[in-house]
Number of protein chains: 2
Amino acid sequence: MAAAAAAPVWSVDPRSGKRREQVAVEATAAEVDAAVGAAHAARASLADRDVRAAFLRRAADVLEEAGDRVIEAADAETALGPGRLTGELGRTTYQLRAFADIVAEGAFLDVLIDHADPALAPPRPDLRRYKIPLGVVAVYSASNFPLAFSVPGGDTASALAAGCPVVVKAHPDHPATSELCVALLRRAAADVGLPQGVVSLVHGFQAGVDLVRHPLITAAGFTGSVRGGRALHDAAAARPQPIPFHGELGSLNPVVITEAAAAERAEEIGAGLAGSVTLGVGQFCVKPGLVLAPEGEAGDRLLKSLTAAVSDSEAGVLLDHRMRDAFVDGVRARAELPDVHAPVTPGAGGEHSVSAGFLAVPATRLAAEGPHDLLLEECFGPVTVLARYADESEIGAVLARLPGNLTATLQLGDEEGAGTDAEGRGARLLADLTPLAGRVVVNGWPTGVAVAPAQHHGGPYPATTSTSTSVGGTAIERWLRPVAYQDAPPALLPPELREDNPLGLPRRVDGRAEGA
Amino acid sequence: MAAAAAAPVWSVDPRSGKRREQVAVEATAAEVDAAVGAAHAARASLADRDVRAAFLRRAADVLEEAGDRVIEAADAETALGPGRLTGELGRTTYQLRAFADIVAEGAFLDVLIDHADPALAPPRPDLRRYKIPLGVVAVYSASNFPLAFSVPGGDTASALAAGCPVVVKAHPDHPATSELCVALLRRAAADVGLPQGVVSLVHGFQAGVDLVRHPLITAAGFTGSVRGGRALHDAAAARPQPIPFHGELGSLNPVVITEAAAAERAEEIGAGLAGSVTLGVGQFCVKPGLVLAPEGEAGDRLLKSLTAAVSDSEAGVLLDHRMRDAFVDGVRARAELPDVHAPVTPGAGGEHSVSAGFLAVPATRLAAEGPHDLLLEECFGPVTVLARYADESEIGAVLARLPGNLTATLQLGDEEGAGTDAEGRGARLLADLTPLAGRVVVNGWPTGVAVAPAQHHGGPYPATTSTSTSVGGTAIERWLRPVAYQDAPPALLPPELREDNPLGLPRRVDGRAEGA
């Protein structure tokens with residue numbers, strides 16, 4: 001019997017819709033098993049924190065050295081453009097180095113030591129706790145960040161930093177970039193003496209499903225759609241041994257503009273909003289998808305400014321033709337709803353491109369369940385919805401109907417921001433937005449997610465399927481679990497937990513912080 | 001049409017199997033909804049950390065003041081005895097006060113501040129992150145700890161400490177104790193000016209299912225069986241908006257005794273093991289259920305000592321008759337397996353009681369899949385399995401077949417503990433046990449779970465359904481999620497995130513720890 005032919009994986013040019021080259025074949029169940037097995041076997045090689053830090057730094061170097069090739073490969077498959085991709089590569093290498101610093105510092109180990117206390121009733125034994133890596137991690141790449149949220153991205157970097165080998169499921173929109181990046185990561189691994197199994201790549205939808213179900217996979221990170229992410233989340237939860245599934249699935253990213261903000265800065269806000277909506281052809285997880293703006297003169301000025309700025313934006317190519325179709329159809333369905341009009345009609349810009357635009361609707365249309373609920377769903381691409389309120393109470397009525405978000409944004413007037421307005425509106429709106437999102441932005445825009453220790457890129461479902469973040473230093477927490485040693489003899493303790501703290505780790509001893 | 005009669009909830013005396021009194025009725029869906037709604041409405045009342053700390057301290061006081069009544073009620077329903085229950089009440093009030101201290105100190109808020117850095121590319125905005133309460137928490141009480149893991153127990157205490165109102169699902173084995181405790185907690189709430197909705201109680205199996213599915217429930221804590229816990233876990237994951245489910249489901253708690261340990265301390269280890277297995281009639285989550293002990297003379301002495309100590313233990317009453325039947329049946333099925341013998345036969349001790357015992361089997365019987373896998377499943381009650389190994393390689397073969405555990409225990413000889421034996425056996429075995437459990441005990445016993453900052457009471461599935469702990473200071477992390485503010489004007493920031501740190505919180509600023 002002949003074996004079934006392996007399904008080919010093609011790299012496609014979104015600017016033409018044409019196949020560029022066959023990059024790989026879809027992984028069979030046996031190939032997924034082999035990748036996971038090699039990763040599992042490579043766990044011990046990542047036990048040393050110094051080696052992990054060296055690997056992450058070397059990976060950043062290797063990516064930079066191959067920067068032109070990486071950017072060329074990614075641009076050919078994603079049409080994101082060399083400018084944006086240069087920035088994304090910088091973000092990716094910065095992130096790898098930031099996690100190297102985090103590994104070296106060791107605060108993420110969360111070392112807690114309680115000395116024995118025989119005076120307590122019952123007497124307390126000696127307890128020493130820190131965090132250990134979970135094991136092999138599955139990473140599902142995003143379409144919209146072929147580098148920073150894909151093979152060499154934040155999930156991979158944070159998992160490796162935690163000491164977990166990684167098997168990446170490539171996104172079908174950029175398989176050649178994925179192959180190039182995994183080869184570079186493996187070269188960096190070899191350069192620091194690590195086995196190739198520390199990072200692997202598989203292609204194919206079924207391979208992704210096989211991966212999350214594999215008994216040796218201990219956790220998963222995902223960035224993508226609600227539909228795909230939810231299916232994998234459910235598979236992770238249904239395993240004989242369920243595993244943590246950290247998925248970032250979708251976000252509307254509401255913006256609230258007060259009357260005072262519009263009155264003071266209508267033009268600036270309109271232009272800023274247009275920039276945030278059209279950045280990267282609207283293909284950011286944190287693109288503002290719903291904007292509550294006032295009716296009346298100030299709101300009209302804002303709409304005028306937004307109209308001008310969006311009209312000026314160039315047509316762009318989306319990541320693939322399926323997304324382009326979904327955008328065109330999604331915009332059309334929304335525009336056909338009663339009382340919705342399109343000051344700048346978004347839609348098909350050319351055979352392969354789309355044009356940016358926005359829709360406007362009275363906010364009251366969103367305050368109760370109905371067909372306008374479609375406007376409360378994310379529409380991937382360069383479009384937003386301006387919901388105009390006549391009365392401030394309408395803001396609360398719309399916010400109450402929103403699902404969870406990665407971000408919520410507030411545009412305030414000067415007095416509101418200073419807390420000197422009579423109504424205390426700024427603080428009140430900030431409090432109202434906090435339950436809706438993982439990050440609340442004031443007088444700025446949500447696009448541009450800084451890589452920083454205090455960043456939180458997550459939020460109530462469907463923004464994420466857990467309470468974790470996929471950007472920033474605390475992203476490492478997703479791949480660890482605590483273990484406590486009770487009365488372990490000093491000679492047997494791992495160095496991280498020894499009394500004399502030979503590694504100089506920050507820790508809490510008997511409830512008090514020690515070191516920095 | 002007449003309404004269906006509400007299902008009665010009876011308090012039953014396990015010493016006689018007789019109903020004591022009808023305590024309540026099972027909650028209808030409408031009653032569950034009312035309890036959750038009241039809890040949701042009470043969220044704001046818990047916003048102030050000082051009020052939460054005062055509530056937790058007052059709850060400890062009120063429970064102590066009513067101590068005699070509480071212990072009497074619990075003993076009548078659980079047969080755990082006044083001695084054990086006095087200890088458990090002490091543990092419960094200690095825990096409530098420990099969480100009050102944790103709330104007051106505020107390190108759990110995990111405050112991270114990154115100042116704006118315009119020199120970075122891209123420029124970094126001002127980011128300030130801390131953790132906020134998730135919302136209403138569902139707590140599922142345990143059978144075996146009517147206080148410390150039930151209405152006023154660690155899940156409730158940590159959730160209230162986090163700022164989350166709680167709805168407790170009562171365990172059917174101690175409904176009267178549950179009613180008494182919720183009344184005491186509510187009295188404490190009233191004493192500090194909090195609404196009654198901050199803590200509620202519901203009875204009934206269906207109420208428990210309704211609770212985990214309720215849209216306003218944001219997280220759940222559970223201590224109980226694999227079957228019940230897994231069903232609730234699955235329901236939590238299948239919700240339209242999945243929620244974190246922190247369940248402690250079951251654990252075998254393996255013990256490894258080296259040849260040297262047995263040679264040096266056979267009698268001490270045998271007696272200690274017997275004490276740990278029979279403590280509380282073997283009804284602890286961390287009871288040692290599988291003991292790897294050497295063949296040969298030292299092992300024989302250990303077995304003899306264990307035999308003597310277990311034979312001396314008195315018959316005891318299990319928490320309910322269903323458990324008694326399961327214990328008797330479970331022991332019988334295990335004892336009937338080939339090559340299993342019972343040096344002290346456990347089983348029915350009397351009409352309402354059971355007697356302790358243990359089984360012995362060659363370790364080789366557990367090294368491969370087969371009917372003896374039954375011995376690798378938890379058997380709730382005063383029984384353990386001594387698996388005797390002829391060769392140290394058999395230890396590894398058995399450990400490789402174990403599911404996740406709350407604890408793993410190692411008994412070492414003096415040189416092994418000092419790290420001075422030629423083989424480095426102590427460190428190696430410690431490393432082998434670490435992947436199996438959340439707490440590794442050396443030369444002690446797993447029963448007696450200290451309430452301490454560094455405690456970890458959790459472990460790989462099925463020990464827990466998440467990477468969290470249900471005992472110790474970090475249990476509070478389960479009920480929080482991070483939120484970051486970007487460029488929020490100083491006047492609008494919550495006091496926890498203000499530049500001048502008016503609350504004196506420990507925090508990390510620009511990546512460096514500050515304060516203690």
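Per chain, numbering begins at 1; letters A, B, ... match sequence-line order.
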Visitor: Could you please spell out the steps behind the side chain to side chain contact (heavy atoms under 4.5 Å, CB included) verdict for A:Tyr461 and A:Leu249?
Guide: CA-CA 8 Å; A:Tyr461 187 89; A:Leu249 309 194; 3.8 Å; yes
Visitor: Under the side chain to side chain contact (heavy atoms under 4.5 Å, CB included) rule, what do B:Tyr130 and B:Leu112 come out as? Steps first, then yes or no, please.
Guide: CA-CA 6 Å; B:Tyr130 75 147; B:Leu112 300 176; over 6 Å; no
Visitor: If we ignore hydrogens and angles and just use 3.5 Å, is the side chain of B:Glu514 paired with the main-chain N or O of B:Arg507 as donor and acceptor?
Guide: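 Not a single qualifying donor-acceptor pair exists.
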Visitor: Evaluate the side chain to side chain contact (heavy atoms under 4.5 Å, CB included) criterion for residues A:Thr258 and A:Arg425: first the C-alpha distance (whole Å), next the side-chain angles of each, then the deciding distance (0.1 Å), finally the verdict.
Guide: CA-CA 9 Å; A:Thr258 66; A:Arg425 188 177 288 114; 4.1 Å; yes
Visitor: Using atom types as modelled and distance alone, determine if a side-chain donor or acceptor of B:Arg478 lies under 3.5 Å from a backbone N or O of B:Ser468.
Guide: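 Between the backbone of B:Ser468 and the side chain of B:Arg478 there is no qualifying donor-acceptor contact (under 3.5 Å).
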Visitor: Nearest 0.5 Å, what's the CD-CG distance between B:Glu477 and B:Asp110?
Guide: 7.0 Å
Visitor: Is the backbone N or O of B:Gly247 less than 3.5 Å from a side-chain atom of B:Thr465, with the two atoms forming a donor-acceptor pair by type?
Guide: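 Yes: the side chain of B:Thr465 pairs with the backbone of B:Gly247.
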Visitor: Under a 3.5 Å distance rule, please check whether B:Arg43 uses its side chain to pair with a backbone N or O of B:His40 as donor and acceptor.
Guide: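 Yes: the side chain of B:Arg43 pairs with the backbone of B:His40.
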Visitor: Check each atom of B:Pro123 against the heavy atoms of chain A and say whether the ones under 4.5 Å are side chain, backbone, both or neither.
Guide: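 Contact with chain A involves no heavy atom of B:Pro123 at all.
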Visitor: Looking only at side-chain N and O atoms, does A:Thr469 offer a donor or acceptor that is under 3.5 Å from a partner on A:Thr474?
Guide: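 No, no side-chain donor-acceptor contact under 3.5 Å.
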Visitor: Let me know if B:Ile102 has heavy atoms under 4.5 Å from chain A in its side chain, its backbone, both or neither.
Guide: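 Neither the backbone nor the side chain of B:Ile102 comes within 4.5 Å of chain A.
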Visitor: So do A:Val111 and A:Arg128 actually touch side chain to side chain, heavy atoms under 4.5 Å?
Guide: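 They are not in contact (no side-chain heavy atoms under 4.5 Å apart), so the answer is no.
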Visitor: Should A:Asp126 and A:Gln486 count as side-chain neighbours, where that means a heavy-atom distance under 4.5 Å?
Guide: no
Visitor: Identify which of B:Gly444, B:Gly459, B:Ala437 forms the greatest number of heavy-atom pairs closer than 4.5 Å to chain A.
Guide: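 Highest number of heavy-atom pairs under 4.5 Å: B:Ala437.
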Visitor: If you count heavy-atom pairs under 4.5 Å between each of B:Gln241, B:Arg230, B:Lys131 and chain A, which one has the most?
Guide: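 Result: the option with the highest number of such pairs is B:Arg230.
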Visitor: Which bit of B:Pro122 is near chain A, if near means a heavy-atom gap under 4.5 Å: side chain, backbone, both or neither?
Guide: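 Neither part.
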Visitor: For A:Ala219, which atoms come within 4.5 Å of any heavy atom of chain B: side chain, backbone, both, or neither?
Guide: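 Interface part for A:Ala219: neither.
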Visitor: For each of B:Pro494, B:Pro453, B:Gly90, B:Pro240, tally heavy-atom pairs with chain A at distances under 4.5 Å, and name the one with the top tally.
Guide: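 So the answer, after comparing B:Pro494, B:Pro453, B:Gly90, B:Pro240, is B:Pro453.
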Visitor: What residue, out of B:Arg129, B:Arg428, B:Arg91, B:His457, has the most heavy-atom pairs lying under 4.5 Å from chain A?
Guide: B:Arg129
Visitor: For the residue pair A:Trp479 and A:His246, does the interplanar ring angle fall in the parallel (under 30°), tilted (30 to 60°) or perpendicular (over 60°) class?
Guide: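 Ring orientation, 0 to 90° scale: perpendicular.
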Visitor: Is it the side chain or the backbone of B:Arg239 that comes within 4.5 Å of chain A heavy atoms, both, or neither?
Guide: backbone
Visitor: Can you tell me how far apart CG (B:Leu109) and CG (B:Leu497) are? Round to the nearest 0.5 Å.
Guide: 8.5 Å
Visitor: For the interface with chain A, which of B:Pro242, B:Pro489, B:Ala237, B:Ala488 has the highest count of heavy-atom pairs at distances below 4.5 Å?
Guide: B:Pro242
Visitor: Highest number of heavy-atom pairs under 4.5 Å with chain A: which of B:Gly438, B:Ala427, B:Pro460, B:Gly458?
Guide: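 Winner by heavy-atom pair count: B:Gly438.
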Visitor: Is there a side-chain contact between B:Phe108 and B:Leu480, using heavy atoms and a 4.5 Å cut-off?
Guide: yes
Visitor: Between the main-chain N or O of B:Ala454 and the side-chain N or O of A:Asp114, is there a donor-acceptor pair closer than 3.5 Å?
Guide: yes
Visitor: Heavy-atom cut-off 4.5 Å, strictly under: side chain, backbone, both or neither for B:His233 against chain A?
Guide: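 The side chain, not the backbone.
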Visitor: Which residues in residues 429-436 of chain B have any heavy atom lying under 4.5 Å from a heavy atom of chain A?
Guide: B:Leu430, B:Thr434, B:Pro435, B:Leu436
Visitor: By a 4.5 Å heavy-atom criterion (distance strictly below it), what part of A:Asn443 contacts chain B: side chain, backbone, both, or neither?
Guide: neither
Visitor: Taking the side chain from A:Gln455 and the backbone from A:Ala450, do they hold a donor-acceptor pair closer than 3.5 Å?
Guide: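 Between the backbone of A:Ala450 and the side chain of A:Gln455 there is a qualifying donor-acceptor contact (under 3.5 Å).
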Visitor: Quick one: what part of B:Tyr94 sits under 4.5 Å from any heavy atom of chain A, side chain, backbone, both or neither?
Guide: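 For B:Tyr94, the side chain is the part near chain A, not the backbone.
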Visitor: What part of B:Ile243 gets closer than 4.5 Å to chain A, counting heavy atoms only: side chain, backbone, both or neither?
Guide: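 Looking at B:Ile243, nothing touches chain A.
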Visitor: Do any of residues 402-420 of chain A have a heavy atom less than 4.5 Å from a heavy atom of chain B, and if so, which, in residue order?
Guide: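 Checking residues 402-420 of chain A against chain B gives A:Leu412, A:Glu416, A:Gly417, A:Ala418, A:Gly419.
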Visitor: Tell me yes or no: between the side chains of A:His115 and A:Asp510, is some donor less than 3.5 Å from an acceptor?
Guide: yes
